[in-house]
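Take a look at the structure set out below.
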Amino acid sequence: MALPKVHRLRHRQDFSAVYKAGLRRSTQNLTLRALQRSQPAEFNLSAVGTDLSTDLKVEPPVEKVVPTRIGISISQKVSKRAVVRNRIKRQLKAILQQFLPYIAPGWQLVIVVKPTATECGYEQFLQELKQLLISAEVINGH
RNA sequence: GAGGAGGCGCAGGCGGUUGCAGAUUGGUCAGUUCGCUGGCUAAGUCUGAGGAAAGUCCGGGCUCCCAAAAGAUCGAACUUGCUAGGUAACGCCUAGUGCGGGCGACCGUGAGGAGAGUGCCACAGAAACAUACCGCCGAUGGUGUUUGGGUCUGAGCCGCAAAUACACAGGUAAGGGUGCAAGGGUGCGGUAAGAGCGCACCAGCAAUGUCGUGAGGCAUUGGCUCGGUAAACCCCGGUUGGGAGCAAGGUUGUAGGAGUCAUGGUUGAUCUUUUUCCGGCUCCGGGCAGGGUGUGGGCAACCCAUUCUGCGAAAUCCGCUAGAGGUGUCUGGUGACAGGCAUCCCAGAUAGAUAACUGCCCUUCUGGUGAUCGUCUAAAUGGCAGCAUCAGAAGAACAGAACCCGGCUUAUGUCCGCCUCUUCCCUU
RNA sequence: GCGAGCGUAGCCAAGUGGUUAAGGCAGUGGAUUGUGGUUCCGCCAUUCGUGGGUUCGAGUCCCAUCGUUCGCC
């Protein structure tokens, strides 16, 4: 289970924009940074995804659904072994795949993994992510 | 049966469902110079990590810059260093030589020069590179005593002889002691005492012969003998053009020049030679650098193309996966490897895809059941081993491509599998 | 991708190849004091990250390896 390309944050500016303007929530092993991107002005400000914004500009009355985009940040400080880092990323992606339908459109999320997370399992990540998304009010009222 | 040595292989197999990435074929949207390009999408098809992908310790390919290439001398760097071969190359590999270790199979080896020079060798010791502390000797020389001889009446004297004392000059490197190390070792002769001073054997060195492509091996002869350290500086030999690295570089964008009046321009330095290099001069032919705007025509001016320099953007495209490629087979070679033929196409992500669950088979282990032969035993309804079948468990660990290859090193095993050899014990 | 440094007691650390590795803080034993502090005297490294090698001798020199820190693009 992994996220399709549409729902991923892919460029450096995306991440730095979220870090600059987004809100911040954190639990023991994870940190969530989130940024709502519903205003069209913000599209122009952020130099990201020009092809996407042009698509929207062509037909402004039809509210095309802006896809939720998620990035996962995990540094070498968490673990020096690539296998460990990749496993954590895959687990987080699988969880987010389940939550994706409940997330309000237009959010840009970055999940930062803290160095303590090496010992955590799937269940731990599931709980913490749920907690984070609810506290940031990213998940709309079902 | 027990212990050991060396080498090779494998990284379970075939499917299913869901999901991700790429390719292809469609569909659709946008742009278009009508060639196509890009985005989205999936009814389908195909493909999707490793033996180390790792560490980045070496060697290359590839790309750009210093015009390029070849040679000579000097310099610099490498830190390469027994020999022969293999390789695109290597500090890698193969086969050998010497030395060291092991009963052996086998293993290790940073293995040029200390007889070119300099430095260092703490403490101890006399002395660490040329010296003598204790000791031994004191033949010879010196001094003294005694005896004899010579001379002489005698005292005495002596280039006299013998004996003896001293340990003064001196000799010695056997022995003691110190040390990692004290100038070959052992034995016999020899000597005042000793000593390669002489001889025998051994070690080492040199020469000659012989075998080997060679490192070296073997034999003979010779003069007798030289401290260690070069992973201290260094000397010698060898190798190398330097720098940067796929974030190279191309493409694209943008800014500023040049658009030719130079007599020549280079790789660490100097010199020489060559050129399908760049540029210049002379002569001949062509042109007065090209295209456009402008103008009657030209000049000027401006724009484009060309060329140079600087800057920047984006993870859009190319580079970007057909290669010193894999597999099979034959030939040559002791071998590393080379050659021929056939056949195959096998990841290309870019905040970075390869995952989750599951079915059958296979392998191993544990337990049960069954039949039959083998073996142990005096004997078996008992034990051991194999076979068939059933049930359960395990199939892991180390670890994730990021331009690509060749090595090295490190990590790792389901009590993984296979082969060869060696030592000891028991039985025949 | 390219490059540079550091590992020495619980902590901070010095250390030309030559004793059983200098200090400071901390710890600990004793003395001083009626008690505590101060002060004074002691003790504390089974060996210099690990494994090989060179050397008579290695924390130091060489090689390999592990960990860690930092720089540039």
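Chain A is the first sequence line, chain B the second, and so forth, proteins listed ahead of strands; every chain is numbered from 1. What you are looking at is a predicted structure, and each value in this text was computed from that prediction instead of being measured.
Here B:rA2 sits opposite B:rU423 as a Watson-Crick or G-U wobble pair (both hydrogen-bonding atom distances under 3.5 Å). Using Watson-Crick or G-U wobble geometry with both donor-acceptor distances under 3.5 Å, B:rG15 finds its partner in B:rU358. Of all nucleotides present, only B:rU143 satisfies the Watson-Crick or G-U wobble test against B:rA165, with each distance under 3.5 Å. Across all strands shown, the partner of C:rC6 is C:rG67, judged by Watson-Crick or G-U wobble contacts whose two distances both fall under 3.5 Å. Across all strands shown, C:rC72 forms a Watson-Crick or G-U wobble pair with C:rG1, both key distances being under 3.5 Å. Nucleotide B:rC20 forms a pair with B:rG48, judged by Watson-Crick or G-U wobble geometry with both contacts under 3.5 Å.
The distance between atom CD1 of A:Ile95 and atom C1' of B:rA355, rounded to the nearest whole Å, is 14 Å. Between the CD1 atom of A:Ile111 and the P atom of B:rA351 there is a distance of 17 Å, rounded to whole Å. When rounded to the nearest whole Å, the span between CG of A:Leu96 and C1' of B:rA351 equals 14 Å. Rounded to an integer number of Å, the gap from A:His7 NE2 to B:rA21 P is 11 Å. Rounded to whole angstrom, the span from the CD1 atom of A:Ile70 across to the P atom of B:rG352 amounts to 11 Å. Atom pair A:Ile72:CD1 and B:rU350:P shows a separation of 15 Å (rounding to whole Å applied). Nucleotide B:rG19 holds its C1' atom 16 Å from the CD atom of A:Gln91, rounded to whole Å. Rounded to an integer number of Å, the gap from A:Arg85 CZ to B:rA54 P is 13 Å.
Side-chain nitrogen and oxygen atoms of A:Arg90 include none within less than 4.0 Å of the OP1 or OP2 phosphate oxygen of B:rG19. Within the structure, a side-chain polar atom (N or O) of A:Lys93 is placed less than 4.0 Å from OP1 or OP2 of B:rG352.
At least one side-chain heavy atom of A:Leu100 sits under 4.5 Å from a side-chain heavy atom of A:His7. Contact annotation: the side chain of A:Trp107 never approaches that of A:Arg69 to less than 4.5 Å [non-hydrogen atoms, C-beta and beyond].
B:rC360 adopts an anti glycosidic conformation, its chi angle falling more than 90° from 0.
If you find the closest nucleotide of RNA chain B to A:Lys89 and to A:Arg81, the one lying nearer the 5' end belongs to A:Lys89. Along RNA chain B, the nucleotide nearest to A:Ile74 and the one nearest to A:Val84 differ in position, and the one closer to the 5' end is contacted by A:Ile74.
In this structure, the separation between CD1 on A:Ile134 and CZ on A:Phe99 is 7.5 Å, given to the nearest 0.5 Å.
Rounded to the nearest Å, the gap between the C1' atom of B:rC205 and that of B:rG189 is 26 Å. Across B:rU251 and B:rC318, the matching P atoms stand 16 Å from one another, rounded to whole Å.
Side chain of A:Lys114 to main chain of A:Thr27: a donor-acceptor pair is present (N/O by atom type, distance under 3.5 Å, no hydrogens or angles).
For the pairing with A:Thr31, the side-chain contact (heavy atoms from CB on, under 4.5 Å) check across A:Val112, A:Ile111, A:Val113 returns one residue only, A:Val112.
Among B:rA399, B:rA401, B:rG19, the nucleotide with an atom closest to any side-chain atom of A:Ala82 is B:rA401.
For A:Gln131 and A:Gln127, the side-chain atoms include no donor-acceptor pair closer than 3.5 Å.
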